[in-house]
Every structure is written in structure tokens, then in C-alpha cells.
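See structure below.
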Protein chains: 2
Amino acid sequence: MNDPLDTVFAALADPTRRAILSMLLEDDMAVTDVAEPFQMSLAGISKHLAILAGAGLITQEKRGRVKWCKLEPDALRAASVWMQGFGQFEPVNLEAFERFLAAEFGDGTGTETARQGD
Amino acid sequence: MNDPLDTVFAALADPTRRAILSMLLEDDMAVTDVAEPFQMSLAGISKHLAILAGAGLITQEKRGRVKWCKLEPDALRAASVWMQGFGQFEPVNLEAFERFLAAEFGDGTGTETARQGD
DNA sequence: CCAATCGTCAACCGAATGGTTGAATATGCT
DNA sequence: AGCATATTCAACCATTCGGTTGACGATTGG
């Protein structure tokens, strides 16, 4: 895999990884905490995180025995530019995005009862 | 593969398929003509086209014995919306896109009527 | 020191990918 | 009819992917 577009799009093609990215939108997280909501072994999540890091979509910093995962949204820019070239979509607003998140997890993503307890 | 995001991103993760999409930006094309610039069997390209069609990124219409491939940029909208949610990138212009194409194929990207002899 | 916690590594597995070749199916031309 | 063109199908192959389990190296805390 050479082209960064390859790795970024491949990373985004997996629903678990997209879900992880969405989780990291809210806050940096430790690997174990990232893994918690998933029905998957820790090693499995660790692999997904490695793939996301390989694509530059997250960075991981080890403090003590805990490794913190941080979203790096800038890595999406190149891919976004590439895509926009096709559609010339009108500027996207966050509402549409939140509808999307809601559709994908059916999880309360903000509008009603903003996330409680952080 | 359930989520349309899965299929769209997976389709975009392959450089051959992205190149095909870029070619189709300029014009609809027959399968054989799509295959011509690639060092790959026709059947190989046919498979790639099937994947793109499966993701909704192109449609194929058979007229006579020729199957025409047409770009469907609207299929990118959902993926684009998803991505924009992370970065809130400034609106993207076509210049940036053309720089990208140039970087990826080093091919004349439009300014000088790329299609000769149609 | 000892035990628990955090995370990765290594080996393994089944399924999917990306590609090939050769035969098969349509369609068109003369 | 008969041949060439356009495209897919089917079988096969090597590689990668997504996942598991079990052992392992760090780090922390009693």
C-alpha cells in the first residue's frame, strides 16, 4: 500500500474502525476503554487501532502503562479533497452528520439530552 | 457488507478503482476502453467495475454489445458527509482536486483536453 | 516482592481480495 | 452462416483481512 489515499480509505471501510473514530471525536481514550463497548477481544481492537494509526487517522501516546488514542482529523483532508472533486457537493453541515451518526449507531448523538456524564 | 459506507470506502481504497473513477469524470466509457490504459486483464477490470457498480459509484448500461460505464458522483455524498463531520474542512475547490489527480497519475488533468481521438 | 492491569506479539484460522487464464455468451458485421 | 468483438463466468492462486487465543513485556500498587 503506497498511496496514503489507499490506507485512509481502507481504514474507513470497516464499521468498527469508523465507530472508533466517532468515539474519539468526543475525547481521547485509552485502548482498553476504546475496546469496552465492542464485542471483540482487546487484541482485535488493538489491531484496528494500529490500522487507524497507520493511516494517520489517530495518534497514540503512551503515558505510564496506558496508551492514549487521539483523533487526527487532518488525515482525512486529502481523502476529502479527492472525493469533493467528483460531486461538488454543497458545503456540508453538522446536522447532516449527526443524522448519519444516529443512523449508524442509533445512539443519542447530541440533539436531545446532550451527552450526560462525561 | 451491510452499511453502504463500507462498500463505498472499500471501493475507493483501491488505486485502480480510483483511477477508473477519474477517467469516468471526463466521459462515459465502454469496459474495453476503461481497461485499455491498465496493465491488467479485461476480466480484472470487469471485476473492478462490478465492485464500483456494487457501491453505486457507477452505473452500467448495455447498448448493443457494448456496456457503457457512467460515473454516479452522488453515491459519494453519504461518505463525504461522514468525513466532513470530523474535520470541518474549509470548502474544497477544484484546483486542489486537479493537483491531486496530477500527483496521482502525472497525467494531463483537463487543462489540455485530455481525450484525443474519441 | 507479588499480583493485577495495560497492551502487544505470534501463531493460527476462515473468508474475502485482487489477480490470472480459458471457456462461454452476446452481439454485430459482411 | 461465420467470424470478430465485447464482456462475463468459473476455477484457481497467492495474499491480505478480521478475528481469536495464549504467552509475553511493561507498569502500577499493595
Side-chain angles (χ1 to χ4, degrees), chain A residues 1-24 27-70 104, chain B residues 1-24 27-70 104 117-118:
Chain A
M1 287 244 218
N2 267 330
D3 195 319
L5 268 311
D6 290 7
T7 48
V8 169
F9 282 129
L12 295 179
D14 185 278
T16 302
R17 287 190 298 258
R18 286 198 309 277
I20 291 174
L21 291 178
S22 297
M23 291 164 56
L24 292 176
D27 241 324
D28 298 1
M29 295 178 79
V31 173
T32 311
D33 294 333
V34 169
E36 196 259 337
F38 297 96
Q39 208 98 17
M40 190 187 304
S41 68
L42 188 59
I45 295 294
S46 183
K47 277 190 181 183
H48 280 303
L49 289 170
I51 290 172
L52 289 171
L57 290 165
I58 66 169
T59 48
Q60 297 178 287
E61 182 198 355
K62 191 168 180 184
R63 276 204 300 273
R65 65 179 163 181
V66 174
K67 203 169 190 177
W68 294 91
C69 304
K70 178 174 175 0
E104 211 169 334
Chain B
M1 288 247 218
N2 267 333
D3 196 318
L5 268 314
D6 291 7
T7 49
V8 168
F9 282 129
L12 295 179
D14 184 279
T16 302
R17 288 192 296 259
R18 287 199 308 278
I20 291 174
L21 291 178
S22 298
M23 291 165 56
L24 292 177
D27 242 323
D28 297 2
M29 295 178 80
V31 174
T32 312
D33 294 333
V34 169
E36 196 259 337
F38 296 97
Q39 209 101 15
M40 191 187 300
S41 69
L42 188 59
I45 294 294
S46 183
K47 277 191 181 182
H48 280 303
L49 289 170
I51 290 172
L52 289 171
L57 291 164
I58 66 169
T59 49
Q60 296 179 287
E61 180 197 356
K62 191 169 179 183
R63 276 203 302 270
R65 64 181 163 180
V66 173
K67 204 169 189 178
W68 293 92
C69 305
K70 178 175 174 7
E104 210 169 334
D118 106 54

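Order of the sequence lines fixes the chain letters, A, B, ..., with proteins taken first and strands second; residue numbering starts at 1 for each chain. Please read these numbers as outputs of a predicted model, since none were measured by experiment.
Within the structure, every side-chain polar atom (N or O) of A/Ser46 is placed at least 4.0 Å from both OP1 and OP2 of C/dG7. Side-chain nitrogen and oxygen atoms of A/Ser41 include at least one within less than 4.0 Å of the OP1 or OP2 phosphate oxygen of D/dT20.
Each of B/Leu52, B/Ile58, B/Leu57 was evaluated against B/Arg17; a single residue qualifies, B/Leu52, per the side chain to side chain contact (heavy atoms under 4.5 Å, CB included) test.
In this structure, CG of A/Asp14 is placed 14 Å from C1' of D/dT16, rounded to the nearest angstrom. Distance B/Arg18 CZ to C/dG18 P: 12 Å, rounded to the nearest Å. The distance between atom CD1 of B/Ile45 and atom C1' of D/dT8, rounded to the nearest whole Å, is 14 Å. Regarding B/Trp68, its CH2 atom lies at a distance of 14 Å from the C1' atom of D/dT7, rounded to whole Å. Computed from coordinates, the A/Glu61 CD to C/dG7 C1' distance equals 15 Å when rounded to whole Å. Rounded to whole Å, atom P of C/dG7 lies 16 Å from atom CE of A/Met40. The interatomic distance linking B/Asp6 (CG) with D/dC17 (P) rounds to 16 Å, in whole Å. One atom, CD of B/Glu36, and another, P of D/dT5, lie 15 Å apart when rounded to the nearest Å.
The line from CZ of B/Arg18 to CG of A/Asp3 is 5.0 Å long, rounded to the nearest 0.5 Å. Within the model, atoms CG of A/Leu49 and OG1 of A/Thr59 stand 11.5 Å from one another, a figure rounded to the nearest 0.5 Å. If you take CG on A/Asp27 and NZ on A/Lys70, they are separated by 10.5 Å, rounding to the nearest 0.5 Å. Remark: B/Trp68 CH2 to B/Met29 CE distance equals 8.5 Å, nearest 0.5 Å.
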Evaluate side chain to side chain contact (heavy atoms under 4.5 Å, CB included) for B/His48 paired with B/Phe38, printing each intermediate quantity in order.
-> CA-CA 12 Å; B/His48 280 303; B/Phe38 296 97; over 6 Å; no

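Set against D/dT7, D/dT20, C/dG18, the side chain of B/Val66 has D/dT7 as its closest nucleotide. Proximity note for B/Thr32 (side chain, C-beta onward) versus D/dA6, D/dC9, C/dG19: the nearest is D/dA6. Proximity note for B/Gln60 (side chain, C-beta onward) versus D/dT7, C/dT20, D/dT8: the nearest is D/dT8. The side chain of B/Leu42 sits closest to D/dT7 out of D/dT7, C/dT21, C/dT8. Comparing D/dT8, D/dT20, C/dG7 by their closest approach to the side chain of A/Lys67 singles out C/dG7. Distance from the side chain of A/Lys47 is smallest for D/dG18 among the nucleotides C/dG7, D/dT8, D/dG18. The side chain of B/His48 has C/dG19 as its nearest neighbour among C/dG18, C/dG19, C/dC6.
At the heavy-atom level, A/Ile51 lies under 4.0 Å from the strands shown only through sugar-phosphate atoms. B/Ala30 comes within 4.0 angstrom of the backbone, heavy atoms only, and of no base.
Side-chain contact between A/Val31 and A/Cys69 is present, with at least one heavy-atom pair separated by less than 4.5 Å. Proximity of A/Pro15 to B/Leu5: side-chain heavy atoms (C-beta onward) are nowhere separated by under 4.5 Å.
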Please produce a list of atom pairs where a protein N or O lies less than 3.5 Å from an N or O of nucleotides 25-30 of chain D.
from: D/dT27; atom 1: O2; to: A/Arg65; atom 2: NH1; distance (Å): 3.3

